[in-house]
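Protein chains get the first letters and strands the later ones, always in sequence-line order, with residue 1 at the start of each. Hydrogens, waters and symmetry mates play no part in the numbers below; they use all other heavy atoms, side chains included.
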2 protein chains.
Amino acid sequence: MRADALKNHEKIVEVAAQVFSEKGLDAPIDDIATRAGVGAGTLYRHFPTRDDLIDAVVKSWMNQIDAAADQVVASGAPARVALMEWFETYVSRISRNKGGPAKITSAMGKSESPIYSKCETLRLANDRVLSHLRERGELRDGVDSLEVCRLIGGIAVVADQGTLPSDSIHSMLTVVIEGLVSSDHAVGDSSRE
Amino acid sequence: MRADALKNHEKIVEVAAQVFSEKGLDAPIDDIATRAGVGAGTLYRHFPTRDDLIDAVVKSWMNQIDAAADQVVASGAPARVALMEWFETYVSRISRNKGGPAKITSAMGKSESPIYSKCETLRLANDRVLSHLRERGELRDGVDSLEVCRLIGGIAVVADQGTLPSDSIHSMLTVVIEGLVSSDHAVGDSSRE
DNA sequence: CACGAAACGGAGAGACTCTCCGTATACTGG
DNA sequence: CCAGTATACGGAGAGTCTCTCCGTTTCGTG
């Protein structure tokens with residue numbers, strides 16, 4: 001790769017991250033090109049589709065997902081607490097940019113998507129958390145990791161469009177979590193309201 | 001209203017229903033105008049925004065929602081069965097057109113939306129089903145009707161973008177249902193897999 | 001330093017939304 | 001039945017965005 005090409009590549013990703021966080025993932029591509037000081041043609045050569053650009057932007061914070069999952073597993077917290085913490089992290093990460101939940105969740109399980117590898121990272125992290133709880137017998141049978149990702153993704157998508165009361169996400173997550181934990185693990189006192 | 005205006009109004013709604021079902025709710029407005037044999041100006045005068053048009057199209061099948069809810073209530077089925085039937089109806093109705101789940105669920109609770117009244121119909125129907133089950137003590141405490149609509153809407157949104165395995169929706173609904181039913185109502189044999 | 005490959009950039013085509021306003025048509029009173 | 005007017009029509013066109021094409025510029029090597 002030529003030096004000027006590399007410089008432009010980095011500049012575009014940097015600016016895209018900025019613009020995406022200001023205007024959401026639907027921000028005009030031309031805006032990004034202009035603000036990066038390159039022509040539209042240059043941007044499209046580096047990133048043929050919008051998803052390729054998103055992929056590059058998202059890459060930087062994806063490893064935080066792994067760390068969060070590992071931490072939840074290591075904490076050894078009971079299922080309800082662990083899942084709530086993990087799911088809230090999951091939702092907040094994919095919701096970092098407006099339009100993010102829809103983009104990411106719709107690419108889940110589609111191996112041809114440019115952002116598939118990021119979705120895999122999410123799914124595998126989720127899998128680690130679920131497997132850990134399953135080993136301890138705290139999870140209902142027949143729970144599939146990909147479906148849980150979609151379920152949580154669905155909540156994030158809904159939350160992303162229009163402003164929900166802040167505790168609304170929490171309530172929805174509670175329902176899902178109750179649906180996931182094994183029924184022979186009674187609800188603790190504090191969880192009931 | 002002048003006779004020609006009325007005729008155009010009806011024609012536009014009829015064509016829009018057709019086009020929306022072919023191309024989804026994002027179909028070009030101009031296409032609808034052309035196929036209805038009117039100018040763009042005419043269409044926009046009748047329906048200033050896309051949502052106004054969607055509202056008119058959706059109106060026709062919204063009463064089927066009420067009927068479905070009433071039937072589920074009248075059947076007296078146990079919570080898990082009743083909810084599954086109701087939620088599957090809910091999902092399939094709002095998914096009739098591509099883009100429908102997102103449109104409808106994002107307008108949920110936003111009284112300024114042109115399709116708010118349709119969302120209210122959905123929410124109230126859902127409320128009837130939930131209230132009925134709550135009276136019979138089959139529902140967990142603290143379940144809010146609007147949040148359940150959003151939760152199911154989230155599943156529908158995810159299902160709407162990209163083709164999911166057909167039983168995937170069923171599995172996700174199962175999780176939500178398990179999270180909604182009261183924990184002192186044990187799972188029946190057939191529901192476990 | 002010169003030359004070929006690599007990269008640049010912006011003009012412009014195509015798709016879509018939405019408005020504006022000159023023209024045409026339906027209704028009403030005489 | 002025939003104005004006259006309010007109402008409605010329609011499509012040209014401006015604005016926005018995406019994406020491509022290709023003439024021009026720049027890099028880096030021999």
Would you kindly compare Y44(B) and D30(A) by the position of their nearest DNA chain C nucleotide and give the one closer to the 5′ end?
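The residue mapped nearer the 5' terminus is D30(A).
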
Listing, residues 159-169 of chain B side-chain donor-acceptor contacts under 3.5 Å, not counting sequence neighbours, or none:
| unit_1 | atom_1 | unit_2 | atom_2 | d |
| --- | --- | --- | --- | --- |
| D160(B) | OD2 | G99(B) | N | 2.7 |
| Q161(B) | OE1 | S106(A) | N | 3.4 |
| S168(B) | OG | E147(A) | OE2 | 3.4 |

What's the shortest heavy-atom distance between Y116(A) and A107(A), and which atoms?
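Scanning both residues, the minimum pair turns out to be CD1-O, 4.2 Å.
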
Heavy-atom closest pair, residues V73(A) and R128(A)
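Shortest heavy-atom contact: CG2-O, 4.0 Å.
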
Stepwise side chain to side chain donor-acceptor pair (under 3.5 Å) check, T34(A) with D31(A)
CA-CA 5 Å; T34(A) 305; D31(A) 274 17; 5.5 Å; no

Just how far, in rounded Å, is [atom2] of [N] from [atom1] of [X]?
X: R50(A); N: dT20(D); atom1: CZ; atom2: P; result: 14 Å
X: I29(A); N: dT20(D); atom1: CD1; atom2: P; result: 12 Å
X: L43(B); N: dA8(D); atom1: CG; atom2: P; result: 15 Å
X: I32(A); N: dG9(C); atom1: CD1; atom2: C1'; result: 17 Å
X: F47(A); N: dT18(D); atom1: CZ; atom2: P; result: 16 Å
X: K23(A); N: dT16(D); atom1: NZ; atom2: P; result: 11 Å
X: K7(A); N: dT26(D); atom1: NZ; atom2: P; result: 12 Å
X: K11(A); N: dG9(C); atom1: NZ; atom2: P; result: 13 Å

Can you tell which of dG10(C), dA26(C), dT18(D) lies closest to the side chain of A3(B)?
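It is dA26(C).
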
Distances under 3.5 Å only, N/O to N/O: pair up the protein atoms with those of nucleotides 5-8 of chain C.
| unit_1 | atom_1 | unit_2 | atom_2 | d |
| --- | --- | --- | --- | --- |
| dA6(C) | N3 | R2(A) | NH1 | 2.5 |
| dC8(C) | OP1 | N8(A) | ND2 | 2.3 |
| dC8(C) | OP2 | R45(A) | NH1 | 2.5 |
| dC8(C) | OP2 | H46(A) | NE2 | 3.3 |

Apply side chain to side chain donor-acceptor pair (under 3.5 Å) to residues E14(B) and Q18(B) and explain how you reach the verdict.
CA-CA 7 Å; E14(B) 179 196 323; Q18(B) 175 80 17; over 6 Å; no

To the nearest 0.5 Å, what is the distance between CH2 (W86(B)) and NE2 (H132(B))?
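It is 14.0 Å, given to the nearest 0.5 Å.
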
